[in-house]
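This chain uses plain numbering: 1 for the first residue, then up along the sequence.
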Amino acid sequence: MTGSIEQGISQTHGNTHILHFLVRLPRPMETVWPALTTPEGLAAWFTSADVLEPHLHGAVTLRDLGSGRVTAWDVERVAEYTLEGGGRIRFHLERDGDEGAALRFTHEFQGETESEQRWRARFEQLIETLRTGP
């Protein structure tokens, strides 16, 4: 499995924008989870996590996006970060066959700071990082 970005949906409700993606990843959930929930993992494909307390209500600071709290945490399945000024970022992992994982991603935010193209590029980097990593 090489990975793919199957779906990108953008919705707008008033001043709130919501991006959804389905990303098929070439590694099992147990291998993908650290890429979404550790400072080292996030820095490899997305952004530096200056603070990340890996539990519900833990503090999180994602460089260039803002600070906030972990608002959902289900180990190896769901991580959600809600950031002041950066919106809500949710990673939901599911098994995808014997060797892969499916990532259902949502980013809800206000303003024009993010785009479908920008997230697609990030997910391409995530797929490459997972493909070439350990």
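Under the 4.5 Å side-chain criterion, counting only non-hydrogen atoms from C-beta, Phe21 is in contact with Glu116. The side-chain heavy atoms of Phe123 and Phe46, taken from C-beta on, include no pair separated by under 4.5 Å. Side-chain contact between Pro54 and Thr37 is absent, with no heavy-atom pair separated by less than 4.5 Å. Counting heavy atoms from C-beta outward, Thr106 and Arg104 have side chains that stay 4.5 Å or more apart. In this structure, the side chains of Phe109 and Leu19 come closer than 4.5 Å at one or more pairs of heavy atoms. Counting heavy atoms from C-beta on, the side chains of Leu25 and Leu126 come closer than 4.5 Å.
The nearest pair of heavy atoms linking Ala49 to Pro39 is O-CB, 3.7 Å. Closest of all the heavy-atom pairs between Ala101 and Pro28 is CB-C, 4.2 Å. Closest approach of Ile127 and Ser4 over heavy atoms only: CD1-N, 3.7 Å. In terms of heavy-atom proximity, Ala35 sits nearest to Leu130 at CB-CD2, 4.4 Å.
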Original post:
Are Leu52 and Leu62 close enough, and set up right, to give a side chain to side chain contact (heavy atoms under 4.5 Å, CB included), and what steps lead you there?
Top reply: CA-CA 8 Å; Leu52 180 54; Leu62 299 179; 6.0 Å; no
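With sequence neighbours excluded, the residues forming a side chain to side chain donor-acceptor pair (under 3.5 Å) with Arg95 are Glu30, listed by chain and number. In this structure Glu84 satisfies the side chain to side chain donor-acceptor pair (under 3.5 Å) test with no other residue, sequence neighbours excluded. Glu124 is linked by a side-chain contact (heavy atoms from CB on, under 4.5 Å) to Ile5, Arg120, counting only residues two or more places apart in sequence or in another chain. Residues passing the salt bridge (Lys or Arg N to Asp or Glu O under 4.0 Å) test with Arg63, sequence neighbours excluded: Asp50. With sequence neighbours left out, the side-chain contact (heavy atoms from CB on, under 4.5 Å) criterion links Ala59 to Val51, Glu53, Arg69. Not counting sequence neighbours, the partners of Glu128 by the side-chain contact (heavy atoms from CB on, under 4.5 Å) test are Arg131, Thr132. Remark: Ser48 engages no residue in a side chain to side chain donor-acceptor pair (under 3.5 Å) (not counting sequence neighbours). Applying the salt bridge (Lys or Arg N to Asp or Glu O under 4.0 Å) criterion to Arg90, with sequence neighbours excluded, gives Glu80. Remark: Thr47 pairs with no residue by the side chain to side chain donor-acceptor pair (under 3.5 Å) rule, at least two apart or across chains.
A ring pair (Phe, Tyr, Trp, His ring centres under 6.0 Å) check over residues 65-93, counting only residues at least two apart or in different chains, returns the pairs Trp33-Trp73, Phe91-Phe105. Listed by first then second residue, pairs satisfying ring pair (Phe, Tyr, Trp, His ring centres under 6.0 Å) with a partner in residues 48-71 number zero, not counting sequence neighbours. Pairs of residues two or more places apart, or lying in two chains, never qualify as salt bridge (Lys or Arg N to Asp or Glu O under 4.0 Å) while including a residue from residues 32-47.
Between the CG atom of Leu93 and the CE atom of Met29 there is a distance of 5.5 Å, given to the nearest 0.5 Å. Once rounded to the nearest 0.5 Å, the distance linking CD of Glu76 with OG1 of Thr31 reads 9.0 Å. Rounding to the nearest 0.5 Å gives a distance of 8.0 Å between OG1 of Thr61 and CG of Leu83. In this structure, the separation between OG1 on Thr71 and CG on Leu56 is 8.0 Å, given to the nearest 0.5 Å. To the nearest 0.5 Å, atoms CZ (Arg24) and CG (Leu103) are separated by 11.0 Å. Rounding to the nearest 0.5 Å gives a distance of 11.0 Å between CZ of Arg27 and OG1 of Thr129.
Both Val32 and Trp45 are members of a single hydrophobic cluster when ILVMFWY side chains are connected at heavy-atom separations under 4.5 Å. Linking ILVMFWY residues whenever their side-chain heavy atoms come closer than 4.5 Å, directly or via other members, leaves Ile18 and Leu22 in distinct clusters.
By the neighbour-count criterion of 12 heavy atoms within 6.0 Å, atom CD of Gln11 is densely surrounded, having more than that number from other residues, nucleotides or ligands.
With His107 contributing its side chain and Gly86 its backbone, the two residues share a donor-acceptor pair below 3.5 Å.
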